[in-house]
Each structure stands twice: as C-alpha cells, then as structure tokens.
2 protein chains.
Amino acid sequence: MGKPTISDVAKAAGLSVTTVSHAFSGRRHVDPATRERIHAIAQELGYHPSSVAQQLRSGRTGTIALASSMPFAVAAGPSRLGFLMEIAASAAMAAFSRDIALCLIPPQPSPANLNQMGFDGVILVEPERDDPLVRHFEARRTPVVTIGKVPEREDIPAIDLYSAEGTRLLLDHLWENGARQIALLTGASERTSHLEARRIYAEFAATQGFSPQALLLDEAKGEGGAKELVTHLLRDHPEINGLLVPVDAFASGAVAAAKDLGKSIPGELSIATRYDGLRAKLSEPPLTALDLHLSQLAEAAVALLLAHIEGAPGVTPVPVPSLVPRRSSLRREG
Amino acid sequence: MGKPTISDVAKAAGLSVTTVSHAFSGRRHVDPATRERIHAIAQELGYHPSSVAQQLRSGRTGTIALASSMPFAVAAGPSRLGFLMEIAASAAMAAFSRDIALCLIPPQPSPANLNQMGFDGVILVEPERDDPLVRHFEARRTPVVTIGKVPEREDIPAIDLYSAEGTRLLLDHLWENGARQIALLTGASERTSHLEARRIYAEFAATQGFSPQALLLDEAKGEGGAKELVTHLLRDHPEINGLLVPVDAFASGAVAAAKDLGKSIPGELSIATRYDGLRAKLSEPPLTALDLHLSQLAEAAVALLLAHIEGAPGVTPVPVPSLVPRRSSLRREG
DNA sequence: AACCAATAACAAAACGATTTGCATAAGCAG
DNA sequence: CTGCTTATGCAAATCGTTTTGTTATTGGTT
C-alpha cells in the first residue's frame, strides 16, 4: 500500500474528506475536538497532503527554475564552480525564504527534457539574442526573467548586469595602469554583456586614440581556443600591452598564451577579466576582475520573477559592479 | 483564458481527449493523419501537456532534491562556493541526463517549508546521527540516500565518503613529512566523517606513540571559532607540529591562528584539511587536502537514489579519496 | 453471406486534493 | 411553536491528464 491519502484519513476518522481537508487548511471552521482527532489519526497514519494534488488544484507548483544558455564549457567549467553555481546558491536561499523551491537546469537541456517539469517561472542567466530557452518558455507561457538583458527584448524583465559600466571600469583601470594598446576578446555569441563590452570598447579606443583590436571567439572553444587565438594576436601585434578578456575561461587561455610567448604579466601585458571566480583568483598572477555582486543579483532576480508571476510590474534596484584590482594589471612604474 | 488544456485541443479538433492524449503519448495507435492534425492544432493553440497533471496521474514528480544538514556557515560559506555546490552541479547534470530535475534545498529549511514540495527522493549530504531531515523524509516515506553514511543507520543507502581512508591518507602524509605531534580538530556534530576521523586519529596516535589531542568545535562557530580554539591549543601545547583540520572553514581559522602566533607553516606547523575547495586552494600557504572526487560521488548518489526509488537494491562503487599535497605540509628538511 | 481480426475513436474512471453550495441540528428570541 | 442564526459536516464538481473497457467501421476469409 502506498502513501495514505486524505480519504484514508477520512475513513479512519469516520468523517468526510471535506472535513479533513478543512481541518488541515483551516479554510473553514471545524470543531476543535474533531480537528484534534483528525490530526492525531493523520499523524498515526503518516499522512501528509500530496503537494502534486495541491499544485494541480491551485495551478501553482511553488517551484522556479534556474537555467543558463551558456555552453557547458563556460557555464560549468572543469571545476564546476562558477558564475552559475554562485547564483544558484543565493537564488536557492532567496527562493526558499519565500517558500519556493529552486530547480537547477543544467546547460543546454533538450526541449523534450524540459517539458517534463513544471515551473511557475524561470530565471535565465545571460541569454543571447533569440535565445532558444527564451523561445521555449515563452511558447509555454512560463514567466521568464533574465540576469543580463535579452538583446532587443526590452519587454522581458531583467536584472541588469551593468556590462557597460563594468567594461568601462576595467578599461579605465587598465589605462590608468599604463596599458596604451588594449585589445578585447569576447565571446562570439550575442549576449548583452558581450555586445556592451564591444560597444564600450570601441568608444574607449576612439576616445583614447588607439587602434581597436576586438576579437570574437566561440564560447564553446573554451580556454584552449582562447590560448591559440591570443597567441596569434600577440605575435601579430606586439604593440599590444593590455588585454580585456571578460570570459574567464578565455582569460585563462590568454594568460597561458602570454606565458608561452614569454610576455611578462603585468610587465609587458596587463590582463583583466570580468567574473571574479576561481579562475581569476587562482591564476598566476591573479587576475583583476569585477565583483558583480552575484548574490544580490540572484536575490533580486528571484524577487523580480515572483513579482512577474504575480503580474506585478516591479523594479528591483541592483548594485553596479565594483573593481577588484589584482596583480595581473597593477601599474608598472616604467 | 489560461493555458490551453487537452480538452481545448480536443474540442478544436472535434475529437475526444482520449485521442489527443494518445496522439501525444503514443501509448495507443491513432491514425497518422489525425495525429498530424492534432499536433498542428496543439501547436497553433500553444498547448503543452501539464506536467503537474501528469505527475498526479503517474505518481512520479520527476524531481529529486539535494539537501545538506550542515549549518549555513559551513555548508554555503561566505563565498557560497563549496562542497555542496560542487555536488549540486554534478548531481544536476546526472539527474538531467536521466530526465529528472534536481531541486536545491538550502541549509536548515523549516519543515513547513519542505512540505510544500514533492520529490520522488532526496540526496542528503553528510547527515548526522538522528538527522532531522532523515526523520522528516522517512516520516513522509520519501526515499533517501545520503552522501556519507548516517551514523548507526546501515539500512539507509549511502555513498561512502571513505572518511577513514581519507583520514589515514592525511595522517600518513603529515607523519611522513615530519610532523610528530599531530592534533586533530573536527566538528562537534556526529557526522560519520567526524566520527571516523576521530577514530582513525586515535588509532594512529596510539600506533605512532604520540599523545593524542582531539578537539571538537561546533560547526556553526566557523572560521572565527576555530581561530580562537587553535590559538589556545598552540599556546598550551607548543610541542604540536602537525594539525589535521578536516573542516575547511576551521582550517582557515587554524592558519590564521598560526600566523598570529608567528608559527611558520609548514616550518613549525604542518596543516592539512579535507575538502579541496576554494579555501584550501587560496589559502596562504595553500592547504594539503583530499580530492574526494565529488562529481563522481554525486553521479553515483543520483544513480543510487533512482535505483532505490525503483525498489532495486543496487550498489554503486565509488572512488576512494586521493591526496592533494600542497605547501602547507611539505616536508621540511630539518 | 457470415465471421473474425484489425483499426480508429470514444466514454468514463481514476489520481489526491480543494472548494462551493447544501443539509442537519442546536440555540435562542419573539 | 415559528423563524432566524450559528455550528458542523457532507456531496459533488473541479483541476488536466492517463488508462481501461467498448463501440463502430472496415477489410479480408471462407
């Protein structure tokens, strides 16, 4: 025999299921003595209301999901500790404090896979233009909010990553610390953070009067691809003495390339990246990066999503990134 | 008008819901032409079967949960990057590849909180004796497997963390690298990993013939508590030249204490910890630790849980920890 | 022409709760 | 004794599927 149901309890108590239901939900008055008895019997039987049945009735699952459209190589990475997991931890806390569970959706799920699960809403991390997951959930009328805007979709509620501001912080820092020919390497996909980085970079180069070198690389190529690309870049353009590489996996590759070429960091080449994760911290030398305040962003995203589910508009202010200067870009005196 | 239901589709197609259901599930034959038409209409209406309704019918939610009974201070930690998240990432992948979603349950949930959500099973990380979460899920007849055995509960399927073996590895290493008076600091809770560490440590001290110094500390006290405790320990027992501190937050505290006292690491004091996470890697000096092969354990746990849900016994072999020697304990030549 | 098997679709009963509208009984004022 | 509340509890509909048992309809055999 499986788990006891409400009617098992009703039967055992000699009452109707209605009364038992009311005794549990408190939506209507039931005689205190009866309620007491019902609870005792339920306890004894080990009865607990089925959440699935409640969900069916109420139309709410009490579950939200967290997904990333980034390729696995970047999103999870070899050490599995990254951006996404940092957000996941905070989001789980934030959701849970509101009596909501958080489901993890690993990178690049098959649509068939996703259909099986019911969420009240989804937080999507760093979506790209025409993101397939956005399409998927919109088709299903599942509310979506994103961390990082969906390009050209101002209508989708989003937590701003302030990529323009962050990029500016990093470029200014590199410049102030003596880099005069700065190159940029971003992911090739059309995510807001990359788009903004390229835009701000172009502006910056124009303002400071150096000739821009902006490279794109497929994110799935990971560290190895970046190493190869940067090796060529540095060989072809020996004048480059600063490198902005927002994708941290790429930054690791860039460091490796510089080492291979015998370029000292930051002596001959300054490097900065975006996400201050394991890679930035453990790099030799450690990489200048941004504190994106991910845990606050995650909390804000949860709040925004829940507001969106409720139909409330809701604007959540979030912090702007701050600079974490490290050895990879500290000023050379020469 | 809410989301379209199966009967909306049936109505639009002039068919019965039965036929539509079969057209989707393929459990019975429906005329290819009709099926085609049904799919077209469903597509147009934006219909997708409600997973909640399917769950109610099938009795399966297709969701498992991951929970830890560790206090937040240890489990999530300041950086939110730890043990648990590393397991979470791998478990999510493993679950997803089997068409199952993984729900994150943050540390120390309220029981009321848990009731709302329906899982087919739960993976519990490092439970302690009489763990409240174990009790909770057992009362609900929700299948549970653990990573790290539940003390005195051989009946609960578990993925072995091989704490005895790991402890022995670390102790042998410390000894071989010159530590002769080794103290032990574990969490005060009764988790298998602590219990085994204490047991093996006692054996080891007896065998090697040094006088054991085994300290306990409430896990919630975190790094600060450990620093204070270790400061006293080192002051009272200047002969101690090795320290085994499995809880990485405590290990950070121990390093801080040693530095405050002006003890050089590893010159005057060798330190080793268990989990090779951010703390161990970023510590100065970096800490000798164990590679617990968490991602393999997580996968094994998922497999074990699913087997358990199916009612199959199933034994999953898992790897034994391996040593990651670092500067904090490298042999001094003196 | 009668019979049987296969095909295509349907009606209705689950799954386990919540919710609404009623029914019965008791208490009390007039 | 009638009428009106208040206190209890129940029956039945509902949520959106899946599944089982059945009914027509067809085509092929003898």
Side-chain angles (χ1 to χ4, degrees), chain A residues 1-39 41-42 45-63 112 115-120 140-142, chain B residues 1-39 41-42 45-63 112 115-120 140-142:
Chain A
M1 58 226 137
K3 300 188 188 182
T5 74
I6 195 173
S7 69
D8 293 332
V9 177
K11 219 162 289 171
L15 293 169
S16 75
V17 294
T18 311
T19 308
V20 177
S21 173
H22 289 326
F24 272 88
S25 68
R27 304 275 290 145
R28 270 203 193 172
H29 180 87
V30 328
D31 188 85
T34 336
R35 186 188 27 218
E36 198 63 19
R37 199 162 57 88
I38 289 177
H39 278 130
I41 292 180
L45 260 49
Y47 165 78
H48 296 275
S50 142
S51 46
V52 174
Q54 290 176 322
Q55 286 167 18
L56 177 58
R57 195 69 237 270
S58 68
R60 283 280 160 81
T61 68
T63 301
N115 282 335
Q116 303 214 326
M117 357 199 132
F119 312 117
D120 291 338
R140 244 141 282 245
R141 309 202 194 169
T142 301
Chain B
M1 59 247 129
K3 299 190 189 183
T5 75
I6 194 172
S7 68
D8 293 331
V9 177
K11 218 162 290 171
L15 293 169
S16 74
V17 293
T18 310
T19 309
V20 176
S21 173
H22 288 326
F24 272 89
S25 67
R27 303 275 289 142
R28 269 202 194 173
H29 179 88
V30 330
D31 187 85
T34 347
R35 186 188 26 219
E36 197 65 16
R37 199 162 57 86
I38 290 176
H39 278 128
I41 292 180
L45 260 50
Y47 165 78
H48 296 274
S50 143
S51 45
V52 174
Q54 290 177 322
Q55 287 168 17
L56 176 58
R57 194 65 238 270
S58 68
R60 284 280 161 81
T61 69
T63 302
N115 282 335
Q116 301 215 327
M117 2 201 129
F119 311 117
D120 291 338
R140 242 142 283 246
R141 309 202 192 168
T142 301

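First the proteins, then the strands, lettered A, B, ... as listed; each starts at 1.
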*When all nucleic acid strands are considered with a 4.0 Å heavy-atom cut-off, which category describes B/T34: base, sugar-phosphate, or nothing?*
sugar-phosphate
*Please report, rounded to the nearest Å, how far the C1' atom of D/dT14 is from the CD atom of A/Q55.*
17 Å
_I need the CZ-P distance between B/R57 and C/dG16, as an integer number of Å._
9 Å
*Over how many whole Å does the gap from B/I6 atom CD1 to D/dT14 atom P extend?*
18 Å
_With rounding to the nearest 0.5 angstrom, report the NZ to CG distance, B/K11 to B/L45._
11.0 Å
_Gap separating the CD1 atom of B/I41 from the CG atom of B/L15, nearest 0.5 angstrom_ = 7.5 Å
*Return the value, rounded to whole Å, for the distance between atom CZ of A/R60 and atom C1' of C/dA17.*
18 Å
*Send over the distance from A/K3 NZ to C/dC15 P, rounded to a whole Å.*
15 Å
_Gap separating the CG atom of B/L56 from the OG atom of A/S51, nearest 0.5 angstrom_ = 10.5 Å
*asked:* Which residues in residues 14-31 of chain A have a heavy atom closer than 4.0 Å to any atom of DNA chain C?
replied: A/T18, A/S21, A/H22, A/R27, A/R28
*Whole-Å distance between C/dA14 P and B/L56 CG?*
14 Å
*asked:* Would you say A/S16 and A/T19 are linked by a side-chain donor-acceptor pair, where the criterion is simply a distance under 3.5 Å?
replied: yes
*At what distance, to the nearest 0.5 angstrom, does CE of A/M117 lie from OG1 of A/T142?*
13.0 Å
*Taking only N and O in the side chain of B/Q54, is any of them less than 4.0 Å away from OP1 or OP2 of D/dT18?*
yes
*Dump the intermediate steps for side chain to side chain contact (heavy atoms under 4.5 Å, CB included) on A/K3 and A/Y47, then the final yes or no.*
CA-CA 7 Å; A/K3 300 188 188 182; A/Y47 165 78; over 6 Å; no
